[in-house]
There are 2 protein chains.
Amino acid sequence: MAKETIAGLAKRLGISKASVSYALNGQPGVSELTRRRVLDLAEELEWYPSSSARALSRSRAGAVGMVLSADPLLIGTEPYHMAMLAGIETALAEGDMALMLRMVGKDPAQERATYERWAGERKVDGVLVFDHLHHDPRPALLDRLGLPFVLHGAPESAAPPAFSGTTTDHAVDAATIVRHLHDRGHRRIAHVSGPRTFLHEEERIRGVAECAGGHGIEVVPYEADYALEAGHHAVVSLLHAPGDRPTAMVFGNDLMSMGGLLALRELGLRCPEDVAIVSWDDSLHCQLASPAVTALSRNPGMQGRVAAELLLALLDGGGPQTRSMPVSELVVRSSTAAA
Amino acid sequence: MAKETIAGLAKRLGISKASVSYALNGQPGVSELTRRRVLDLAEELEWYPSSSARALSRSRAGAVGMVLSADPLLIGTEPYHMAMLAGIETALAEGDMALMLRMVGKDPAQERATYERWAGERKVDGVLVFDHLHHDPRPALLDRLGLPFVLHGAPESAAPPAFSGTTTDHAVDAATIVRHLHDRGHRRIAHVSGPRTFLHEEERIRGVAECAGGHGIEVVPYEADYALEAGHHAVVSLLHAPGDRPTAMVFGNDLMSMGGLLALRELGLRCPEDVAIVSWDDSLHCQLASPAVTALSRNPGMQGRVAAELLLALLDGGGPQTRSMPVSELVVRSSTAAA
DNA sequence: TGTAGTACCTGAACCGGTTCAGTGATCCCA
DNA sequence: TGGGATCACTGAACCGGTTCAGGTACTACA
């Protein structure tokens, strides 16, 4: 079947291209009768307007982009991203926007190059950005490129109203975790965080330290990189360090928690009797582990959905908005069972 | 900065739009000197040609689409898809193609509607399709829509040369698993497969049955749906059924294996002593479980990459091709340790 | 010296939509 | 009865690239 065009429809109906266009887009300037005829014909022919022609004349791509920049290995194993993606895509589809996905390694230059290209080619109307960094160069870059964006997962403190973003109150989450451990009798805990280059990790570290201080709990900080091995290595180092050993450990994500659990097992230590464990991300891993791991459930799907909605609003001409995420819930499992 | 156009570049250089276009696209018709001047200016201005204008005049979208149609919950928890996605995206990026991702529920009508729209709007140049079904309506649909596609993961038997696709020899994989269990002394095994609507499950079932027959092994088939709970339920049913209980179980994916393991634990049965377990998909879940689960490692990243390359070749005007995947390797872990 | 061939370059048409300015026809109300 | 407002519709310009059919000027060769 030869591809129909708007001119073809117009000729069949004996009206002008303009009328067809107005009718299709729900714009005034056509009678109800004409509109119906156009719509009916389009449906009968299973015809849709060419997206590139439309994009060209409207100067709107009809798509938003997302760069997943992380270790490919990590991306594959962390369920977090996929769940978030599902939420994002659902919201975008409802707003009739396509999702363009790009995966690059950890190299920030590649992420940057992708944005430059997308902006230059006008391939996307906006982008979703993750993991706010210290001195994050991306907001300035995107501003310069004129590419609207939403920063997903910025810490509460660092959310200037200059751009759209979703924020999480990590201090509250930290308090939830620390109080739980305090209740269970722990007075010396280790905090195995992700890299401090992420602003949210910085805030979590501060949150844990502050709340712990208030409860007379000692905190041993440890910086790692979210990988399974990092969690393993953290536990080994922490337990071999001089001084009292912590009786509980908080890990920055589910993978590190698993690594930590593995290490405990290898060292012949029991969880939760010898060392309790809390994960800052919930996932199937935490549920399936033995013991099942107490975890902060953050609902990545819902969060992704909200971020996408913010971007849609921004593209619809709304000003920058900030939306704070609901407080996460701690799902208590065996890894912090009462002593 | 006002958006530059090809006409702007031409004016700056005192040449015609056509020359600029030829220069940019590496086409003959311009001197080396002119070409350099154009390229240099484009770089200096950080200018890229508008993708929609290009798409319109070339009648090529510069993107390929992929519909992930599955339980959102399953998508999030199965690492398989994400790894595959990473492989696909990498290959596409190398071929200068964008990836458009759409996630829909299990409803086939939505997947179909997405293809129809993409084809009508000329939003993508081709699509990647997964999980060949019995009487799969998609090849015919896509043919009718004139949308090139690659069917990823078709069983060997069902790969007509009429369309491009990657195939896996499930019979060989089945034999690998069955032989391993035979070596370990199992003579009665259960095969908890995914839905038989998937052609590859059908082939796995046949493969297991045949190889088992050759080795004097009895097979108890059980059809499930890839969910964690399904694996759990399968184990309960199988063990409560009259007759000898199987001494080993093969699960169609990692989630069901985990569910199965959970069920065994609840029933007070030990793995591998009472029941051994093999998973048809490897993943972190299998590694972390206790006992760690013996699994068939299928390298979804590489497979995705190959599928994407096939699609790129198809879009470059090549005829339909079929590429068979390398045989999977069985990673032996504790869940099938020698009795 | 004439002519065919080639390399380089250009104007204009085209891709398929959107949108603006303008034209009749109809309607309302003084 | 007439004048302005409203409605339905249209032709043409436009978005920003690609591509085709020439047009020079210069070289090669008889």
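Protein chains get the first letters and strands the later ones, always in sequence-line order, with residue 1 at the start of each.
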Handout entry: Check ion pair B:Arg117-A:Glu46 (N to O, under 4.0 angstrom)
Key =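 Answer for the salt bridge query: no.
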
Handout entry: NZ/NE/NH1/NH2 to OD/OE distance under 4.0 Å, A:Arg144 and A:Glu116
Key = yes

Handout entry: C:dG17 base / A:Lys17 side chain donor-acceptor hit below 3.5 Å
Key = yes

Would you indicate, yes or no, if [N] has its OP1 or OP2 atom less than 4.0 angstrom from a side-chain nitrogen or oxygen of [X]?
{"X": "B:Thr5", "N": "D:dG16", "value": "no"}
{"X": "B:Trp47", "N": "D:dG16", "value": "no"}
{"X": "B:Arg54", "N": "D:dT18", "value": "yes"}
{"X": "A:Ser16", "N": "D:dT10", "value": "yes"}
{"X": "A:Ser31", "N": "D:dC9", "value": "yes"}

Ignoring hydrogens and geometry, is there a side-chain-to-backbone donor-acceptor pair from [X] to [Y] under 3.5 Å?
{"X": "B:Trp47", "Y": "B:Leu41", "result": "no"}
{"X": "B:Arg60", "Y": "B:Leu315", "result": "yes"}
{"X": "A:Arg323", "Y": "A:Thr167", "result": "no"}

Handout entry: Option among A:Lys106, A:Arg102, A:Arg138 that satisfies the side chain to side chain donor-acceptor pair (under 3.5 Å) test with A:Glu111
Key = A:Arg138

Using whole Å, what does the distance between atom [atom2] of nucleotide [N] and atom [atom1] of [X] come to?
{"X": "B:Ile15", "N": "C:dG11", "atom1": "CD1", "atom2": "P", "answer": "11 Å"}
{"X": "A:Glu121", "N": "D:dG16", "atom1": "CD", "atom2": "C1'", "answer": "13 Å"}
{"X": "B:Leu9", "N": "D:dG16", "atom1": "CG", "atom2": "P", "answer": "12 Å"}
{"X": "A:Ile6", "N": "D:dG11", "atom1": "CD1", "atom2": "P", "answer": "14 Å"}
{"X": "B:Leu13", "N": "C:dT10", "atom1": "CG", "atom2": "C1'", "answer": "15 Å"}
{"X": "B:Arg35", "N": "C:dA7", "atom1": "CZ", "atom2": "C1'", "answer": "13 Å"}
{"X": "B:Arg37", "N": "C:dC8", "atom1": "CZ", "atom2": "C1'", "answer": "13 Å"}

Handout entry: Closest approach of A:Trp118 to A:Gly65 (non-hydrogen atoms, all atoms of both residues)
Key = CZ3-CA, 3.5 Å

Problem - Heavy-atom pair of closest approach, residues B:Met302 and B:Pro326 - result: CE-CG, 3.4 Å

Practice task
Give me the residues of residues 18-29 of chain A where at least one heavy atom lies under 4.0 Å from an atom of DNA chain C, by number, or none.
Solution key: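 Under 4.0 Å from DNA chain C: A:Ala18, A:Ser21, A:Tyr22, A:Asn25, A:Gln27.
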
Handout entry: Residues from residues 55-64 of chain B lying under 4.0 Å of DNA chain C - heavy atoms
Key =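 Contacting residues: B:Leu56, B:Ser57.
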
Exercise for the section: Classify the nucleic acid contact of B:Thr34 as base, sugar-phosphate or nothing, counting any heavy atom under 4.0 Å across all strands shown. Expected result: sugar-phosphate

Problem - Between B:Arg54 and B:Asn25, a side-chain donor and acceptor under 3.5 Å - result: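 There is such a pair between these side chains.
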
